[in-house]
Amino acid sequence: MKVIKTIKEMKEWSSSVRQAGKTIAFVPTMGFFHEGHLSLMREGRRRGDLLIVSLFVNPTQFSPNEDFKNYPRDFERDRKMTEEVGVDILFAPEVIEMYPPDHQTSVRVEKVTQNLCGKSRPIHFQGVTTVVMMLFEIVMPHVAIFGEKDYQQLVTVQQMVRDLHMGVEVVGMPTVREADGLAMSSRNTYLLPEERKAARSLHQSLQRAKELLQKGERNADRIIHEVREILQSESLVRIDYAQICDANTLQDVDRIERDVVVALAAFLGKTRLIDNLIYRIF
Ligand code: PAF
C-alpha cells in the first residue's frame with residue numbers, strides 16, 4: 001500500500017489508473033478506524049479494481065465548540081489497518097493542502113440538511129459536502145462507500161451527486177455494532193465506563209421502535225414517546241433529538257406510510273452520539 005500526501009500526486013495516480021480502464025472505489029474517512037470503517041473498505045475492495053481510502057480530519061465540518069482538536073488520531077495504527085484490508089492508496093493530505101489560505105468556496109445542499117443534525121450542527125453538512133466534493137475531484141472515484149450510521153450525511157452526499165451530475169455511484173452500508181448493540185463510532189472512545197453502559201439505551205430504544213413498527217404501529221408520536229422513555233430511563237443520557245423522518249426527504253412524518261428513518265442524537269457527558277433505524281415499508 002502506498003501513502004499519498006499531495007493532491008497533485010493523488011490526481012496523477014487516479015488519472016493514470018482511469019486511463020488504463022480500471023475502476024476506482026473510494027472510502028472517505030476521518031481515521032481512527034474501527035470495524036465499521038473496515039466493512040466499508042471491504043465493500044470498496046469488492047466493488048472496484050483499486051481501492052483508495054482518504055484519512056482527513058476535516059476542520060470545516062466542526063463548529064468552534066466541537067471536538068476537532070481532540071478528535072482521536074493515530075496515523076500508524078490506521079496505516080497498518082488499511083494495509084491489512086488490502087487498500088491500494090491511503091490518501092492523507094494536510095489541512096493546508098486541502099484548504100490553502102485563500103480557499104473561499106463551499107458546497108451547500110439545501111433541504112435534506114435542515115432537519116436532525118443540521119439543526120444542532122448548523123455548519124456541519126456544508127463542511128462535509130465541501131470536503132467530499134473536493135475529495136471526489138481529487139480521487140476521481142467510480143464508486144464511493146459511506147456508512148448508514150451517518151444517514152443524513154449519506155442522503156446529503158447522494159443529493160449533491162445527483163444535483164451536480166457528478167457521475168459517482170454513492171453506496172450506503174449498514175451500521176456495524178458492538179456486541180451489546182452500540183453503533184461503532186470513533187467517538188465511543190471518549191465515553192467513561194458508566195457513560196458507555198448508558199449508551200446501550202440508544203440501540204435499545206431503536207429496537208423498541210422496530211418492534212412497534214413491525215406490530216403495525218403507524219403513529220410517529222406514539223413510537224417516539226416510547227423511544228424517549230427508554231432513553232430518559234438513563235440519567236446520563238441527554239437527548240438532542242429523537243425523530244421519525246421520511247427516509248428520502250428527511251422531513252418529519254406524523255404517520256408511517258412510506259420508508260422512514262428513526263433517528264437519534266444524544267449526549268453522554270460531552271460526547272454526542274447518533275444512531276438510527278431505517279425502516280422500509282415494502
Ligand atoms: O463520515 C466521515 O468520516 C466524514 O464526515 C467524511 C465523509 C470523511 C467527510 O469528512
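In listed order, ligands and their atoms are each counted from 1. When reading the values below, keep in mind they use all heavy atoms of this one structure, side chains included, and skip hydrogens, waters and symmetry mates.
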If you measure from atom 2 (C) of ligand 1 to every heavy atom of Gln153, His124, His37, which option wins on shortest distance? Gln153
Between Thr29 and ligand 1, find which residue part has any heavy-atom pair under 4.0 Å and reply side chain, backbone, both or neither. backbone
Which atoms of ligand 1 sit under 4.0 Å from any heavy atom of Pro28? 8 (C)
Please check if any side-chain donor atom of Asn115 sits under 3.5 Å from a side-chain acceptor atom of Gln243, or the reverse. yes
Going by an N to O cut-off under 4.0 Å, is there a salt bridge joining Asp221 and Arg255? no
His203: which of Arg177, Glu178, Arg208 passes side-chain hydrogen bond (donor to acceptor under 3.5 Å, both in side chains): Arg177
Within this structure, what is the OH-CE distance for the pair Tyr71 and Met30, rounded to the nearest 0.5 Å? 4.0 Å
At less than 4.0 angstrom from any non-hydrogen atom of Val131, what atoms of ligand 1 do you find? 9 (C), 10 (O)
In terms of side-chain geometry, is the basic nitrogen of Glu84 or Arg79 positioned less than 4.0 Å from the acidic oxygen of its partner? no
Options Met134, Lys149, Gln61, ranked by nearest heavy atom to atom 4 (C) of ligand 1, top entry: Gln61
